[in-house]
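First comes the structure, then the notes that go with it.
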Amino acid sequence: MLNLDHLNPQQQEAVRTTEGPLLVLAGAGTGKTSVITYRVAWMLNHGVAPENILAVTFTNKAADEMRERLKNLLPQVDHKTMAVSTFHSFCCRVLRAEVHHLGYTRRFGIADASDTEGLIKQVMGEMGISKGDLDVNFFKNGVSHAKNNLQTPEEIRSNSKRDWAATLAELYERYQRHLRNMNLLDFDDLLLQTLNLWKQHGDVLARYQDRYQYILVDEYQDTNKVQSELMRTLAGERRNICVVGDDDQSIYGWRGADITNILEFPNIFEGTRVVTLEQNYRSTNVILKAAGHVINRNESRHAKQLWSTRGEGDPIRVFEADNETEEAQLIARMITQLTYEQRSGHGDMAILFRSNFQTRPFEQSLRDANIPYCIVGAKSFYERREIKDAVAYLRLVHNPRDDLALLRVLNTPPRGIGDKSIDNLKQYQQITGKPILELMHSEDVLKDMQPAAAESLRCFASASDDAAKTFSEVGGLAEKIHGYLDSMAYLEGLGRIYKGHEEGVARLENVIEFVNSAAQYEARIGGTATLQMFLEAFSLTDDSERIDDQSEEDTGVTLLTVHAAKGLEFPYIFIVGMEQNLFPHERSIQDYMVDEERRLFYVAVTRAKNNLIMTRARQRQKYDKRYPTRLSQFIHELPKELVEFPEVDEFFSPATGNQVDDVFSQLRTRFS
DNA sequence: AGACCCAGGTTTTTT
DNA sequence: ACCTGGGTCT
C-alpha cells in the first residue's frame with residue numbers, strides 16, 4: 001500500500017482528494033511533483049483504472065518527468081494505457097482520430113511559427129495591406145490571441161470598435177481558409193479545433209468523457225482560455241478535475257496565458273476544495289521572506305506564506321559594477337572565490353538574466369576565468385535553415401497539400417524553377433483552389449510554363465510521387481529519408497546553395513545529423529516508426545530534449561533567462577542586470593504589466609536554495625550607445641533587513657579566523 | 001540566379 | 001552593433 005507518511009498534511013489532503021474539483025496552490029519548492037505523482041498513484045491504488053486518468057502538462061519535459069516518477073512509484077501498473085501528455089500532443093492524438101468531423105483529413109500537417117508568419121504575410125499581400133500600416137506581428141498576435149480567447153472573426157468584427165477590427169477579422173478568415181485548403185493546423189488550432197470538435201459533436205465528446213474520468217492539469221497558471229475550456233468540457237458533469245499551479249509564478253501572460261483561470265477556478269467550479277502548499281523544501285527563510293514580501297505587493301493573488309525548516313540563512317547581497325563588462329567580470333571572480341573557499345561546484349550555480357542579449361559579456365568573462373558554463377536555450381539546431389528545408393521536404397511527402405512546404409523546397413536547391421513559374425503556379429492555385437503539387441501534375445498547367453521549367457516541375461512531381469510510395473510502407477525510416485533527400489538533389493545541392501566550401505560541408509553535416517536523429521527516433525520507437533510519427537514528434541517536441549548532450553550540464557555554471565529557470569533550483573543564484581527598464585523590462589512598464597514582471601522576479605528569487613546575489617551595472621550599452629542606469633525597483637521592494645549592499649571589495653576580503661576554522665572543520669567532517 | 005545594399009528591428013518561449 | 005529579409009542591380 002502507498003505510504004504517505006513523509007508527505008505533510010496539506011500534501012496528503014491533496015493526494016487523498018480524488019473526487020470533485022480540486023485546486024492545489026503549490027508555492028515554489030513545495031513538492032508539487034511529488035503530490036501529483038502520489039495522487040495518481042493513490043487513485044490507481046483505489047481502483048481507478050489507468051486508462052481513465054488524463055494528466056496534462058505544458059512541456060514534454062514535465063510529462064516525461066511525471067511518467068518517470070510514476071513508473072518508479074508503481075512499477076507494476078501498465079503505464080502505457082495512462083495518458084500523460086502535453087496539451088498539444090493530447091489534442092493532436094484526438095484530432096488524428098476525429099478530425100474528419102471538421103473537414104480535415106487525418107494526414108493533416110502542423111504549421112509551425114514560421115509557417116504561420118509566412119502565411120500571414122501572404123494573406124496581407126492578397127489583401128493589399130501595405131507595410132506602412134499594421135505589421136505582421138500585429139496580425140500574428142491578433143489571430144493567435146483571437147484563437148486563444150475563443151473569438152471568432154465574426155465576434156472580432158462585432159465586438160471591437162477599433163478601426164483595424166474588420167481587417168483583422170478578414171485576415172483571420174483568409175488565413176484559416178488557406179490552412180484548411182492545405183490540410184494544416186497551426187499550434188493554436190490543435191487546441192481550438194479539439195474544443196470545436198467536442199462542442200459540435202456531443203457523441204464524440206461523450207466518448208472522451210467516458211474514457212477520461214479523472215483529469216489532472218499541471219502549471220494551471222499558464223493555461224489560456226482554450227485550454228481551461230477544453231479541460232472543463234472534458235470534465236463535464238463528473239467534475240473530477242484537479243488543477244495544480246501557483247498564481248505567483250504566472251509569467252506567460254504575454255503569450256496568452258490567462259491568470260484568471262487559476263484565480264477564478266473556485267468560482268467556476270462550485271464546491272472546489274482548495275489546498276495550499278506552503279511548506280517549502282528548497283530555500284532558506286531569508287529567501288522565502290524576501291520573495292514573499294515582494295510578491296505581496298501584487299493585488300489579486302491567492303494568499304500564501306511560504307516557510308521552511310531550513311533556518312534563516314545568509315542575507316541577500318546586492319553588488320554594483322561600473323558597466324556590463326565589469327559586472328560579468330565581478331561575477332566570474334565571485335564564482336572563482338566561492339568554488340575556492342566553499343565546497344560548491346560550478347554545477348551549484350546559475351546566472352539568471354532577463355534578456356538573452358545579456359549573455360555576451362558573461363560568456364567572455366567566464367571563458368577568461370576558465371570557468372566551465374553552459375547556456376540554456378541557445379539558438380537551436382532545428383531552427384537552422386537547412387534543417388527546416390529538410391523537414392519541409394518530408395512534410396510535403398506526408399501531406400501533399402502542404403503548399404507552404406512545397407514552396408519552400410520547390411527551388412531549393414535551384415533547379416531552374418524561377419519566380420515566374422512559381423507565380424504562375426500560385427495563380428492557378430488561387431483560381432482552382434487545388435494544391436500546387438496536384439497542379440504540377442497537370443499538362444494543361446505545365447504547357448503555360450517555359451519548357452525547361454515545366455520539365456523541372458514534372459521531374460519534381462514524379463520524384464514526390466515515388467517518395468510517397470516509398471514512405472507508405474512501414475520500416476527503414478531513416479534510410480528512406482536519406483534516400484529521398486538525395487533523390488531530390490537536396491544533399492548534393494547544399495554545396496551550391498551555400499557558397500563557401502566550408503559552409504556547404506557544415507550544412508550537409510547538419511542535415512546528416514538530422515537524418516541520424518531520425519534513426520535514433522526509430523531505434524526508440526521500433527521498426528514501426530512512420531513518417532507521420534516522426535514529423536509529429538518533431539513539431540511537438542522541444543528542441544533541447546531531442547538531442548541530449550547533458551554530459552556537461554552538471555559540471556558548469558548555468559546561464560539562463562529567468563523564464564527558462566522556472567522549475568529549477570540551485571544552491572547559488574546570481575540575478576544580474578537588476579536595473580530599472582531591464583528588469584522590470586521597459587516594455588512591461590509602459591504596458592502596465594509590472595505585476596507579471598514582479599512575478600518573474602519572484603520566480604528568480606525562489607530558485608535559490610542557499611545564497612542569492614544580485615548585481616547591477618551603473619552604465620549599460622544598448623545597441624551602439626551607453627546609458628546610465630537606475631537600480632531596479634524590485635531591489636527597493638525587498639525588505640531592508642534582509643539585504644546587504646556591500647562594496648565589491650568586501651566580497652573578496654580575507655576570511656576571518658572563524659571562517660577559516662569553519663572551512664577546516666567542514667573538511668574534517670567530510671573526510672573523517 | 002546570384003551578389004549586393006539598405007531599412008528595420010532587436011523581452012521573455014512552448015507547442 | 002548586428003542580423004535578417006526584401007528589394008534591386010548585374
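Note on naming: letters A, B, ... go to the chains in the order of the sequence lines (proteins, then strands), and numbering restarts at 1 for each one.
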Notebook entry, point to check: Quick one: which of dG5(C), dT15(B), dT13(B) gets closest to the side chain of R385(A)?
Noted result: dG5(C)
Check: Looking at the side chain of L540(A), which of dT15(B), dT14(B), dT12(B) is the nearest nucleotide?
Finding: dT15(B)
Check: CZ of R599(A) versus C1' of dT11(B): gap in Å, rounded?
Finding: 16 Å
Next item on the list: Evaluate the ring planes of F90(A) and Y212(A), with Trp represented by its six-membered ring, and classify them as parallel (under 30°), tilted (30 to 60°) or perpendicular (over 60°).
Entry: perpendicular
Next item on the list: Using ring-ring contact (aromatic ring centres under 6.0 Å, His included) as the criterion, list what pairs up with F570(A), not counting sequence neighbours.
Entry: none
Margin query: Return whichever of Q621(A) or K121(A) has its heavy-atom-nearest nucleotide of DNA chain C closer to the 5' end.
Written below: Q621(A)
Next item on the list: Go through dT13(B), dT11(B), dT15(B) for me and flag the one nearest to the R354(A) side chain.
Entry: dT11(B)
Notebook entry, point to check: What residues form a ring-ring contact (aromatic ring centres under 6.0 Å, His included) with F634(A), not counting sequence neighbours?
Noted result: F583(A), F601(A)
Note to self: So if I take residues 578-587 of chain A and measure heavy-atom distances to DNA chain B, which residues fall below 4.0 Å?
What the structure shows: H585(A), R587(A)
Check: dT14(B) C1' sits how many Å from L191(A) CG, rounded?
Finding: 11 Å
Notebook entry, point to check: Within 45° of the ring axis of Y252(A) and under 6.0 Å from its six-membered ring centre, is that where the NZ or CZ of R255(A) lies?
Noted result: yes
Check: Between Q358(A) (CD) and dT10(B) (P), how many Å, whole number?
Finding: 17 Å
Notebook entry, point to check: What is the nucleic acid contact for D112(A), judged by heavy atoms within less than 4.0 Å: base, sugar-phosphate only, or nothing?
Noted result: nothing
Next item on the list: Tell me which of G418(A) and V562(A) sits closer to the 5' end of DNA chain B, going by the nucleotide each one is nearest to.
Entry: G418(A)
Checklist line | Between P of dT15(B) and CG of L185(A), the distance in whole Å | finding: 18 Å
Notebook entry, point to check: How far does the P atom of dT13(B) sit from the matching atom of dC2(C), given to the nearest Å?
Noted result: 22 Å
Next item on the list: Output all residues satisfying side-chain hydrogen bond (donor to acceptor under 3.5 Å, both in side chains) with T86(A), sequence neighbours left out; order by chain, then residue number.
Entry: S89(A)
Margin query: Quick check for you: among dT11(B), dT15(B), dT13(B), whose closest atom lies nearest to any side-chain atom of A564(A)?
Written below: dT13(B)
Next item on the list: Let me know the distance between CG of D595(A) and P of dT12(B), rounded to the nearest Å.
Entry: 21 Å
Next item on the list: Would you mind reading off the distance between L352(A) atom CG and dT12(B) atom P, rounded to a whole angstrom?
Entry: 14 Å
Item checked: First of L600(A) and R415(A) reached from the 5' end of DNA chain B, by closest nucleotide -> R415(A)
Notebook entry, point to check: By salt bridge (charged side-chain N to carboxylate O under 4.0 Å, His left out), which residues pair with R401(A), not counting sequence neighbours?
Noted result: none
Item checked: Residues in side chain to side chain contact (heavy atoms under 4.5 Å, CB included) contact with K420(A), at least two apart in sequence or another chain -> none
Next item on the list: Could you state the atom-to-atom distance from CD of E219(A) to P of dT15(B) in whole Å?
Entry: 12 Å
Next item on the list: Look at all strands and tell whether R360(A) reaches a base, only sugar-phosphate, or nothing, counting heavy atoms closer than 4.0 Å.
Entry: nothing
Notebook entry, point to check: Looking at T561(A), does any N or O in its side chain come under 4.0 Å of the phosphate oxygens OP1/OP2 on dT13(B)?
Noted result: yes
Margin query: What contact category does K625(A) fall into here, base, sugar-phosphate, or nothing, at under 4.0 angstrom with non-hydrogen atoms?
Written below: nothing
Notebook entry, point to check: N356(A) side chain N/O closer than 4.0 Å to the phosphate oxygens (OP1, OP2) of dT13(B)?
Noted result: yes
Check: Is F58(A) stacked on the base of dT14(B), with ring centres under 5.5 Å apart and planes under 30° apart?
Finding: no
Notebook entry, point to check: At under 4.0 Å between heavy atoms, what does Y623(A) touch on the DNA or RNA strands: base, sugar-phosphate, or nothing?
Noted result: base
Item checked: Euclidean distance, atom NE2 of residue H88(A) to atom P of dT13(B) [Å, nearest integer] -> 17 Å
Next item on the list: Please work out whether the ring planes of F353(A) and F362(A) are parallel, tilted or perpendicular, with thresholds of 30° and 60°.
Entry: parallel
